[in-house]
Chemist: 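Sharing a structure with you now.
Residue numbers start from 1 in every chain, and the chains themselves are labelled A, B, ... in the order their sequence lines are given, proteins ahead of strands.
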Protein chains: 2
Amino acid sequence: MNIDSKPYKWQPREQSLGYMINWAARLFAREMDDALRPFGLMSGQLPVFFALADGKPLAQRDLVQLAAVEQSTMAKTLARMERDGLIQRTPDPKDRRSAFISLSPLAEERLPDIAAAVAAINARSHAALAGEDSAHLLELLRRVINGLTDAA
Amino acid sequence: MNIDSKPYKWQPREQSLGYMINWAARLFAREMDDALRPFGLMSGQLPVFFALADGKPLAQRDLVQLAAVEQSTMAKTLARMERDGLIQRTPDPKDRRSAFISLSPLAEERLPDIAAAVAAINARSHAALAGEDSAHLLELLRRVINGLTDAA
DNA sequence: AGATCAAATATAGCTAGCCATGAACATAGA
DNA sequence: TCTATGTTCATGGCTAGCTATATTTGATCT
C-alpha cells in the first residue's frame, strides 16, 4: 500500500481517452475554422452543408438527426447561417410550424471551394496515419460512440 | 465521369474523421458533465483537477500547458472555479503578475468522488473496446494530434 | 534611470455545445 | 367539437472553446 504524499493518481493525460479525444476534436475544429473562414463559414455549419449539398431541402428536424446535435444547437446554427445568407427557408405548406431549408445561391457558389478545403484537411489528418489505420480509427471511434449512446 | 444530379459528394459522415471525433468528444463531455454535476464541477475543469490533485500549487501558465488550451480559456475556467470555491490563488511574491493556484479544501474533500466518477466513465468507454484496442485507439489519436499540431 | 521588449493574466466578443422552458401548431380521442 | 397530448421550433442562460486586444509587471539594454 502507498499511503504517502500523492493521494490520488490520475492517469497521465495522454492515456485518458476523454482527454485525447477532446484534444483531437479541438484541433480538428480549429483547422476547419481556419480553412473555412475565408468562405464565411465555420466548422459547426459543415454538417448542414453536407446534408444540403445535393439540393434537396430538409426540415430542421432532419438536420438535427444528421448532425446529431440538440435541437436548440441546430436552431442557433441555422439562425447564424440565415443571417449570413447561407441558407434559405421556405415554409412547409403542410405544417405551419416547419420550413424547408436549402442552401442559398451564394452557398452553392462556394461549395466547390468548401469541398476542396475540407478534403485538404481530411487528407492531412489521414497522412499522419498509415493507410488502413484510418479505417481502423474510424471503426474504433464508432464503437466508442455506440458504447456511449446505447447505455443512456 | 458522372455529371448528373449530385454535384458534390461528401463522404458519408460516419467516414469523416472530423465528424466522428467531434461526435465522440461531445458524448464524452456530456457523460462527464452528467457524472460531475453532483459534485459541482464540469468537464472543462477536469484537467485542472488532474494537475492540482497532488497538492503542488501551479501557476496559470502551467495549467495552460497541461490542459493544452488557450490562455484565455484557462483564465475563464479558473475564474469560474474560484467563483465556485474550488480553487484558491496565493500571490507569487517573486512575480506580482502571477499567482499560485491550488485546490480548495472543499475541492480536496470531493476528490475521491470525482476520481471515482471519472474512472467509471473511462471504464465504460473502454468496455466498448477489446482490451488492446484501447491502447491502439490512444496511439492513433496521438498520431492524429501530432499531425495536426506539428504542421502549423 | 529610462525606454523598450517580453511575459502573465484579464477582458471582450464570437461560435458551438448543452439543458430547460415556452409558443405555436398538429393530431388523436372523448 | 373540444380537449389533451405530442411535435416543431425558438429563446434564455450556462460552459468551453477560440481570436484579438489590453493591462500590468518583469527583464534587458543603453
Chemist: From C-beta outward on B:Lys76, which listed nucleotide comes closest to its side chain: D:dG26, C:dT15, C:dG13?
Modeler: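 Nearest to the side chain of B:Lys76 among the choices is C:dG13.
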
Chemist: Is there a side-chain polar atom (N or O) of B:Arg30 under 4.0 Å from OP1 or OP2 of C:dC19?
Modeler: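 Checking B:Arg30 against C:dC19: at least one side-chain N or O falls below 4.0 Å of OP1 or OP2.
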
Chemist: Expressed in angstrom and rounded to an integer, what is the separation of B:Leu41 atom CG from D:dC14 atom C1'?
Modeler: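 Atom-to-atom, B:Leu41 to D:dC14, this comes out as 15 Å.
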
Chemist: I need the CG-P distance between A:Leu148 and C:dG17, as an integer number of Å.
Modeler: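 In whole Å, C:dG17 P lies 17 Å from A:Leu148 CG.
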
Chemist: Can you check whether any acceptor in the base of C:dA8 is under 3.5 Å from a donor in the side chain of B:Gln71, or vice versa?
Modeler: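 When only heavy-atom distances are counted, B:Gln71 does not reach the base of C:dA8 through any donor-acceptor pair under 3.5 Å.
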
Chemist: Is it true that B:Asn146 and B:Arg142 share a donor-acceptor pair across their side chains at a distance under 3.5 Å?
Modeler: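 Checked: B:Arg142/B:Asn146 side chains show no N/O donor-acceptor pair below 3.5 Å.
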
Chemist: Measure the shortest side-chain to side-chain distance between A:Val48 and A:Met74 over non-hydrogen atoms and say whether it is less than 4.5 angstrom.
Modeler: yes

Chemist: Taking for each residue the nucleotide of DNA chain C bearing the nearest heavy atom, is the 5' side occupied by B:Asp34 or by A:Asp84?
Modeler: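 The residue closer to the strand's 5' end, by nearest nucleotide, is A:Asp84.
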
Chemist: So which one's nearest nucleotide on DNA chain D is more toward 5', A:Ala75 or B:Ser72?
Modeler: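 Nearer the 5' end of the strand: A:Ala75.
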
Chemist: For A:Ser98, answer base if it contacts any base atom (sugar-phosphate contacts may also be present), sugar-phosphate if it contacts only those atoms, and nothing otherwise; contact means non-hydrogen atoms under 4.0 Å.
Modeler: sugar-phosphate

Chemist: On a plain distance test, is the side chain of B:Arg97 in donor-acceptor contact with the base of D:dT25 below 3.5 Å?
Modeler: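 Looking at the base of D:dT25, it does pair with a donor or acceptor on the side chain of B:Arg97 (distance under 3.5 Å).
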
Chemist: Okay, side chain of B:Asn22, backbone of A:Ala25: is any donor-acceptor separation there less than 3.5 Å?
Modeler: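 No.
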
Chemist: Does the side chain of A:Val144 come within less than 4.5 Å of B:Leu27's, by heavy atoms?
Modeler: no

Chemist: If you compare every side-chain N and O of A:Thr73 against the phosphate oxygens of C:dA16 (OP1, OP2), does one of them come in below 4.0 Å?
Modeler: no

Chemist: For DNA chain D, which residues in residues 13-29 of chain A have a heavy atom at a distance below 4.0 Å?
Modeler: A:Asn22, A:Arg26

Chemist: Quick one: do A:Asp95 and A:Arg97 satisfy salt bridge (charged side-chain N to carboxylate O under 4.0 Å, His left out)? Show the steps, please.
Modeler: CA-CA 5 Å; A:Asp95 186 339; A:Arg97 294 168 300 183; 2.8 Å; yes

Chemist: Do A:Phe100 and A:Leu58 make a side-chain contact, defined as non-hydrogen atoms from C-beta onward lying under 4.5 Å apart?
Modeler: no

Chemist: Does D:dA16 have its OP1 or OP2 closer than 4.0 Å to a side-chain nitrogen or oxygen of B:Arg80?
Modeler: yes

Chemist: If you count heavy atoms of other groups shown closer than 6.0 angstrom to CD of A:Gln65, is the number above 12?
Modeler: no

Chemist: Is A:Arg89 touching bases, backbone alone, or none of the nucleic acid, heavy atoms closer than 4.0 Å?
Modeler: sugar-phosphate

